[in-house]
Asker: 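Got a structure for you, written out below as structure tokens; questions coming shortly.
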Amino acid sequence: MSTSLLPNPEIIISDLKLALKEFKSIEWKEQVDSTNIILLREAKSSNSQLLRPALIGAHYQSSGKGRQGKKWSNLKGNTLMFSCAYDVILPPDKIATLAPLAGIVACEALRKSIGGPGSNLLTMKWPNDIYYKEAKLSGLLVEVTRPSTGKIDFNHNVIVVGMGMNLNHAKELSKQLDRPIADWISVIRDLHLDATQISHSISDLVSLIARSWMNALDIYKSEGFARFKKIHEDMDALRGQFIDVYQEGKYVLTGESLGLNEEAQLLVRLSNDQIIPLLNVDVSIKKLGTS
């Protein structure tokens, strides 16, 4: 088993409780099935005592999942994995926007955490994957459910945002998954930062992202998506690229990626100049010529 880059769960919990005083519940485990599943299960349970905002992380997930039901590959102690649950009051037509919003906010937080000119090498591939250069660094999974207890009104939902980020062993994962994979320790080294401090900065990174999601949900509720659309323009991994679009594994269309609209849908211009807005449900995007 590889050496862990993560501190002991007890240390992470202690640090996060100091940093995230707004959070009502914070846990970190050695191993769980899925941090998203735990928070969704709690939200739907009529006997739930879990208060929100809530955060749970784990050194290893036996049933970690990504978008479209894909399994999240993780190495124990070398993958940062955590989920947050938030109460949101939003109409149904605003819920789909939350997946791209979560990716934009997480990418911006990672950029802030390292600072400097090299931070712009961190980009977001719609709907919410985070890339370093041309390799995937992190994936997010956003799921929504209705709370079984404490409902405020018809538009009361619980949003669960799960994040998995490779900390180390990108080369091994690239071979295993047969596609370019990045890791956080390589990002740190590339930008000439102190990689020996990575384990000490994990709690700071998690708290920055968790609070950023919480604040972004409040902003989105009051102001809409416009501010985040602007932020996305500077981190768009697909803008101006020709892409292939797949739905449920089947090829759908090819076109030029034009960025996001006000509903966080990806705009694609076809060869006949027709512009198609894409929903993020069951859609996969590949740059033209990639496997």
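By convention here, the first residue in the shown sequence is residue 1.
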Asker: How long is the straight-line distance from CG of Leu278 back to CG of Leu260, given to the nearest 0.5 Å?
Answerer: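 Interatomic distance, Leu260 CG to Leu278 CG, rounded to 0.5 Å: 10.5 Å.
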
Asker: Measuring only between side-chain heavy atoms, which start at C-beta, is Arg227 closer than 4.5 Å to Tyr220?
Answerer: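 Arg227 vs Tyr220: side chains apart.
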
Asker: Between Glu27 and Lys29, is the closest basic N to carboxylate O distance under 4.0 Å?
Answerer: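 Here Lys29 pairs with Glu27 in a salt bridge, since their nearest N and O are under 4.0 Å apart.
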
Asker: Of all heavy-atom pairs between Cys84 and Phe23, which one has the smallest distance, and what is that distance?
Answerer: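 Looking at all heavy atoms of both residues, the shortest contact is SG-CE2, 4.2 Å.
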
Asker: Can you tell if the side chain of Leu217 reaches within under 4.5 Å of the side chain of Lys221, non-hydrogen atoms only?
Answerer: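 In short, these two side chains do not touch, never coming nearer than 4.5 Å.
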
Asker: Answer yes if the side chains of His59 and Trp28 hold a donor-acceptor pair under 3.5 Å, and no otherwise.
Answerer: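 Yes, side-chain donor-acceptor contact under 3.5 Å.
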
Asker: Check whether NZ of the Lys or CZ of the Arg Lys286 lies under 6.0 Å from the centre of the six-membered ring of Tyr246 and within 45 degrees of that ring's axis.
Answerer: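 Lys286 over Tyr246 ring: yes.
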
Asker: Any carboxylate oxygen within less than 4.0 angstrom of a Lys/Arg side-chain nitrogen, looking at Arg211 and Glu22?
Answerer: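 Judged by the 4.0 Å cut-off on N to carboxylate O distance, Arg211 and Glu22 do form a salt bridge.
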
Asker: Please confirm whether Phe228 and Trp213 have ring centers closer than 6.0 angstrom.
Answerer: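 No, they do not, as the ring centres are separated by 6.0 Å or more.
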
Asker: May I ask you to check whether Asn36 and Ser83 show a side-chain donor-acceptor distance below 3.5 Å?
Answerer: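 There is such a pair (donor and acceptor under 3.5 Å, judged by atom type) between the side chains of Asn36 and Ser83.
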
Asker: Side chain to side chain contact (heavy atoms under 4.5 Å, CB included), that's the test. Do Trp184 and Ile114 meet it? Break it down for me.
Answerer: CA-CA 11 Å; Trp184 190 240; Ile114 56 177; 3.6 Å; yes

Asker: For Leu167 and Met165: C-alpha separation, side-chain torsions, deciding distance, then whether side chain to side chain contact (heavy atoms under 4.5 Å, CB included) applies.
Answerer: CA-CA 6 Å; Leu167 296 177; Met165 185 173 75; 4.1 Å; yes

Asker: Would you give the length of the straight line joining atom CG of Leu55 to atom OG of Ser207, rounded to the nearest 0.5 angstrom?
Answerer: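 Here the interatomic distance stands at 9.5 Å.
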
Asker: Decide whether Tyr131 and Leu121 are clustered together by the hydrophobic rule: side chain heavy atoms of Ile, Leu, Val, Met, Phe, Trp, Tyr closer than 4.5 Å, transitively.
Answerer: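 In one cluster: no.
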
Asker: Grab the two heavy atoms, one from Ala216 and one from Leu101, that are nearest each other, plus how far apart they are.
Answerer: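 So the two residues come closest at CB-CD2, 3.8 Å.
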
Asker: Any side-chain heavy-atom pair from Asp236 and Met124 closer than 4.5 angstrom?
Answerer: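 No, every pair of side-chain atoms sits at 4.5 Å or beyond.
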
Asker: At their closest point, which heavy atom of Ile130 faces which heavy atom of Ala106, and how far apart are they?
Answerer: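 Smallest heavy-atom distance, with atoms named: CD1-CB, 3.7 Å.
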
Asker: Kindly give the heavy-atom pair with the smallest separation between Gly164 and Ser138, and that separation in Å.
Answerer: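 Closest heavy-atom pair between Gly164 and Ser138: O-OG, 3.0 Å.
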
Asker: Can you confirm whether more than 12 heavy atoms, excluding those of Arg41, are under 6.0 Å from its CZ atom?
Answerer: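 Yes, enclosed.
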
Asker: Is any side-chain heavy atom of Leu266 closer than 4.5 Å to one of Ser257?
Answerer: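 Contact flag for Ser257/Leu266 side chains = yes.
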
Asker: Which value, rounded to the nearest 0.5 Å, describes the distance between Ile104 atom CD1 and Ile231 atom CD1?
Answerer: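 Separation between the atoms: 7.5 Å.
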
Asker: Going from CG on Leu208 to CG on Leu20, what distance comes out if it is rounded to the nearest 0.5 angstrom?
Answerer: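 Going from the CG atom of Leu208 to the CG atom of Leu20 covers 9.5 Å.
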
Asker: I'd like to check Val245 versus Ser284 (side-chain heavy atoms, cut-off strictly below 4.5 Å). Are they in contact?
Answerer: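 The answer is no, as the side chains (C-beta and beyond) never meet within the 4.5 Å cut-off.
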
Asker: Membership question, hydrophobic clusters at under 4.5 Å side-chain separation (ILVMFWY): are Leu51 and Leu39 in the same one?
Answerer: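 No; Leu51 is not reachable from Leu39 via cluster members.
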
Asker: Tell me the closest heavy-atom pair linking Val142 and Ala102, and the distance in Å.
Answerer: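 Here Val142 and Ala102 meet closest at CG2-CB, 3.9 Å.
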
Asker: Would you mind checking if Asp190 and Lys133 are paired as a salt bridge, meaning a charged N to carboxylate O distance below 4.0 Å?
Answerer: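 Salt bridge flag = yes for Asp190 with Lys133.
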
Asker: Looking just at side-chain N and O atoms, do Ser62 and Asp33 make a donor-acceptor pair shorter than 3.5 Å?
Answerer: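 There is no such pair between these side chains.
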
Asker: Under 6.0 Å from the six-membered ring centre of Phe154 and within 45° of its axis: does the NZ or CZ of Arg146 meet both?
Answerer: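 Yes; both conditions hold, so Arg146 lies above the ring face of Phe154.
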
Asker: Can you measure from CE (Met81) to CG (Asn166) and round to the nearest 0.5 angstrom?
Answerer: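 Rounded to the nearest 0.5 Å, the CE-CG separation comes out at 10.0 Å.
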
Asker: Would you say the side chain of Arg269 lies within less than 4.5 Å of the side chain of Gln274, judging by non-hydrogen atoms?
Answerer: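 Counting from C-beta outward, Gln274 and Arg269 never come under 4.5 Å.
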
Asker: What's the verdict on side chain to side chain contact (heavy atoms under 4.5 Å, CB included) for Lys125 and Ile285, showing C-alpha distance, side-chain angles and the deciding distance?
Answerer: CA-CA 8 Å; Lys125 177 187 172 187; Ile285 304 292; 4.1 Å; yes

Asker: Answer yes if the side chains of Asp87 and His156 hold a donor-acceptor pair under 3.5 Å, and no otherwise.
Answerer: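 Note: Asp87 and His156 side chains meet the donor-acceptor criterion.
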
Asker: Step by step, would you call Leu141 with Glu143 a side chain to side chain contact (heavy atoms under 4.5 Å, CB included)?
Answerer: CA-CA 7 Å; Leu141 177 63; Glu143 298 180 281; 3.6 Å; yes

Asker: Going by atom types alone, do Asp204 and Ser201 pair a side-chain donor with an acceptor below 3.5 Å?
Answerer: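 No, no side-chain donor-acceptor contact under 3.5 Å.
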
Asker: Does Glu108 pair with Arg111 as a salt bridge, N-O distance under 4.0 Å?
Answerer: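 No salt bridge links Glu108 with Arg111.
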
Asker: Over all heavy atoms of both residues, which pair between Asp183 and His169 is shortest? Give the atoms and the distance, please.
Answerer: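 Nearest pair, atom of Asp183 first, then His169: OD2-N, 3.3 Å.
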
Asker: Nearest 0.5 Å please: distance from the CG atom of Leu137 over to the CG atom of Leu80.
Answerer: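 Answer for the CG-CG pair, Leu137 versus Leu80, is 10.0 Å.
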
Asker: Compare all side-chain heavy atoms of Val206 with those of Leu16 and state whether any distance is below 4.5 angstrom.
Answerer: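 Counting from C-beta outward, Val206 and Leu16 do come under 4.5 Å.
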
Asker: Counting C-beta onward and ignoring hydrogens, is there a side-chain heavy-atom pair between Cys107 and Met235 closer than 4.5 Å?
Answerer: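 Touching, per the 4.5 Å side-chain cut-off.
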
